[in-house]
Amino acid sequence: MKRILPLLLFIMAALFLPAHASEKMAHYLFAYFVNNTTEGQQVCYAVSDDGVNFSPLNEGRPVIASDTIACSGGVRDPHLLRGDDGWFYQVLTDMDMSLGKWTNRGIILLRSRDLIHWEHHAVHFPARYPGKPYAKANAVWAPQTIYDPSTKKLMVYFSLHSEKDGPFPKDAVYYAYANADFSDLEGDPQPLFAYPHPTIDTDIVQDEQGLYHLFFNTWGGPDGLQRRQYTFRDLHDQPSWTLLPGHMQPNSLSSEGSTAYPLIGGGWMLSYDCFKDGVYQFCRTDDWQHFTLVRETKTEGVFTPRHGSIIQITDEEYHALTSYYTKTPKNDE
C-alpha cells in the first residue's frame with residue numbers, strides 16, 4: 001500500500017494539471033499587425049526558436065482576416081494569453097487608422113484551442129454601454145488579458161480616451177472582467193491605476209516569485225514619450241505599487257507596445273515597437289532592473305511587425321502551425 005499511494009497521488013495530480021503543464025515549451029509565437037493601411041491592420045504570425053529571431057508564417061500574410069471579426073474592418077495590437085484551461089485567448093484593438101485616429105470604439109475578444117481556429121466576439125462600447133460614459137470613448141486602445149487570482153477570472157485591461165469635454169479627456173487605463181466563455185465583458189470598466197499624464201499600451205506579467213511587472217507608455221510630461229515600470233504584488237492596490245525611477249528605456253528611440261515574456265531556460269525578454277524608426281527591439285533582463293538590447297529587427301520585406309505579443313509554444317503546437325501555414329498559404333482564416 002505504501003508503494004501504491006504515491007503512484008495514485010501522482011496520477012491524480014497529473015489528471016488535474018493544465019493540459020499544457022507536462023508539455024515542454026520549445027519555441028515562440030509572435031502575433032502582430034503590419035501597418036496603418038486597412039490591409040495591414042490584420043493579425044499576422046511569426047515563429048522563433050530563441051525568442052529573438054523570428055520568421056513569418058503564411059508568407060507574411062494575415063492569419064485572421066480583420067473584416068470578418070471587427071466592426072471597423074481593421075484590428076491592431078494583438079495580445080495572446082495561454083490559459084490554464086486548455087484555451088488560448090487573444091484580444092485586439094478594433095480599429096482602422098484610415099478612418100481616423102479617434103474612431104476606435106471597442107475591442108475584439110477571441111479564444112482558440114489550437115491558435116489557428118478562433119471564436120470571436122466584438123465588444124462595441126456604444127452598444128455595450130448605452131447611456132454610460134464608456135459609450136463616449138473614441139479610443140479603446142491596446143487591450144491585454146491577465147488571470148486575476150483574487151477573482152479567478154480573466155481581467156481585460158485597456159486605455160480609454162474621449163473628446164476633451166468627455167469623460168476620458170486623457171488616456172487612462174481601465175479594466176473589466178471577461179465572462180466565462182470570453183464573449184463579453186462583465187460590468188462597467190474600472191480604473192486600473194492613476195498617473196499624472198496620459199497612459200496607454202499597458203503590459204502586465206508575473207514573474208517566478210509572484211511579483212507583477214507593469215510596463216506602460218506615457219507622454220505629456222517633462223521627458224516626452226517614455227516607457228515606465230511598476231512592480232507590485234496586488235493588482236488592485238496601487239498605493240502598494242512601486243514606480244521604478246527614470247525611464248524604462250534602453251535606447252533613445254520613440255517606442256510603444258511593450259510585451260514582456262519569459263525565455264526558455266531562464267530570464268525575460270522585453271520587446272517593443274520603435275514605430276518612428278522602423279525597427280522592433282528586443283531587450284533581455286535577469287533582474288527587472290537592467291535591460292540589455294540584444295537585437296534590433298528592421299521592419300522590412302515580408303516581416304514588418306508592429307505592436308504585438310509573444311508567447312512560448314510546444315513542439316506540437318509549432319509543427320501544427322508551420323504545417324498549416326506552409327503547405328498551402330492561407331489568405332485568411
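Residue numbers count from 1 along this sequence.
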- Listed by chain and number, what are the salt bridge (Lys or Arg N to Asp or Glu O under 4.0 Å) partners of E119, not counting sequence neighbours? R111
- Item | Within the 6.0 Å centroid threshold, strictly below: Y272 and F215 | no
- Task: Give, for atom CG of L80 and atom CD1 of I313, the distance between the pair rounded to the nearest 0.5 Å.
- Result: 10.0 Å
- Query: Are Y32 and F282 connected in the hydrophobic side-chain network, where two residues link if heavy atoms are under 4.5 Å apart?
  - Reply: yes
- Crowding at NZ, K170 (>12 non-hydrogen neighbours, <6.0 Å): yes
- Query: Would you say the side-chain atoms of W288 pair up with the backbone N or O of T285, donor to acceptor, closer than 3.5 Å?
  - Reply: no
- Task: List in chain and number order the residues that pass side chain to side chain contact (heavy atoms under 4.5 Å, CB included) with P169, two or more places apart in sequence or in another chain; answer none if no residue qualifies.
- Result: none
- Message: Applying the ring-ring contact (aromatic ring centres under 6.0 Å, His included) criterion to F193, which one of Y212, Y230, Y157 satisfies it?
- Response: Y230
- Task: Could you work out the complete set of other residues in the hydrophobic cluster of L244, with links drawn between I, L, V, M, F, W and Y side chains under 4.5 Å apart?
- Result: none
- Message: Quick check: do L192 and M155 have side-chain heavy atoms less than 4.5 Å from each other?
- Response: yes
- Task: Would you please name every residue forming a side chain to side chain contact (heavy atoms under 4.5 Å, CB included) with L211, sequence neighbours left out?
- Result: D207, H213, T231, R233
- Query: How far apart are the closest heavy atoms of H120 and T68, and which atoms are they?
  - Reply: CE1-O, 3.3 Å
- Task: Establish, from distance only, whether the side-chain atoms of T38 and D96 form a donor-acceptor pair under 3.5 Å.
- Result: yes
- Salt-bridge present (E317, R82; N to O < 4.0 Å): yes
- Kindly write out the residues that satisfy side-chain hydrogen bond (donor to acceptor under 3.5 Å, both in side chains) with K153, not counting sequence neighbours, or none if the list is empty. E186
- Polar contact flag, side-chain donor to acceptor under 3.5 angstrom, Y280-R295: no
- Task: Looking only at non-hydrogen atoms, find the nearest pair between V43 and A31 and report the distance.
- Result: CG1-CB, 4.4 Å
- Message: Checking side-chain contact (heavy atoms from CB on, under 4.5 Å) between V75 and each of T93, I64, L110, I108, which is the one that passes?
- Response: I108
- Are K298 and E300 within salt-bridge range, i.e. N to O under 4.0 Å? no
- Task: Going by the side-chain contact (heavy atoms from CB on, under 4.5 Å) test, name the single residue among D203, L235, I204 that passes it with L214.
- Result: I204
- Item | Side chains of H197 and D171, donor plus acceptor under 3.5 Å | no
- Test side chain to side chain contact (heavy atoms under 4.5 Å, CB included) applied to D114 - qualifying residues, sequence neighbours left out: S112, I116, H117
- Examine W241 and I200 and state if one hydrophobic cluster contains both, with Ile, Leu, Val, Met, Phe, Trp and Tyr joined whenever side-chain heavy atoms are less than 4.5 Å apart. no
- Message: Under 4.0 Å between a side-chain nitrogen and a carboxylate oxygen: does that hold for K132 and D188?
- Response: yes
- Taking the side chain as every heavy atom from C-beta outward, state whether V47 and H27 have any atom pair closer than 4.5 Å. no
- Item | Salt bridge R128-D184, side-chain N to carboxylate O under 4.0 Å | yes
- Set of side chain to side chain contact (heavy atoms under 4.5 Å, CB included) partners for K101, sequence neighbours left out: M97, W141
- Task: Evaluate salt bridge (Lys or Arg N to Asp or Glu O under 4.0 Å) for E256 paired with R227, printing each intermediate quantity in order.
- Result: CA-CA 8 Å; E256 63 183 15; R227 187 185 315 107; over 6 Å; no
- Message: Please give the remaining members of the hydrophobic cluster of F125, linking ILVMFWY side chains under 4.5 Å, ordered by chain and number.
- Response: L81, W87, Y89, V91, I107, L109, V123, Y129, Y134, V140, Y147, L154, V156, F158, L160, F168, Y174, F182, L185
- Taking atom types as modelled, is there a side-chain donor on Y45 or N58 under 3.5 Å from an acceptor on the other? no
- Message: Under a 3.5 Å cutoff, is there a donor and acceptor pairing between the side chains of D77 and H307?
- Response: yes
- Sorted by chain and residue number, the side-chain hydrogen bond (donor to acceptor under 3.5 Å, both in side chains) partners of E316 (sequence neighbours excluded) come out as none
- Task: Assess the side chains of D94 and S72: does a donor N or O sit below 3.5 Å from an acceptor N or O?
- Result: yes
- Query: Residues two or more places apart in sequence or in another chain: which of them pass salt bridge (Lys or Arg N to Asp or Glu O under 4.0 Å) with D50?
  - Reply: none
- Message: Less than 3.5 Å apart, any donor N or O on the side chain of N138 or E163 sitting next to an acceptor on the other?
- Response: yes
- Message: Under the rule for side-chain hydrogen bond (donor to acceptor under 3.5 Å, both in side chains), what residues qualify as partners of D165, not counting sequence neighbours?
- Response: none
- Please identify each residue that fulfils side-chain hydrogen bond (donor to acceptor under 3.5 Å, both in side chains) with Y261, with sequence neighbours left out. none
- Side-chain donor or acceptor of R76 paired with backbone N/O of L92 under 3.5 Å: no
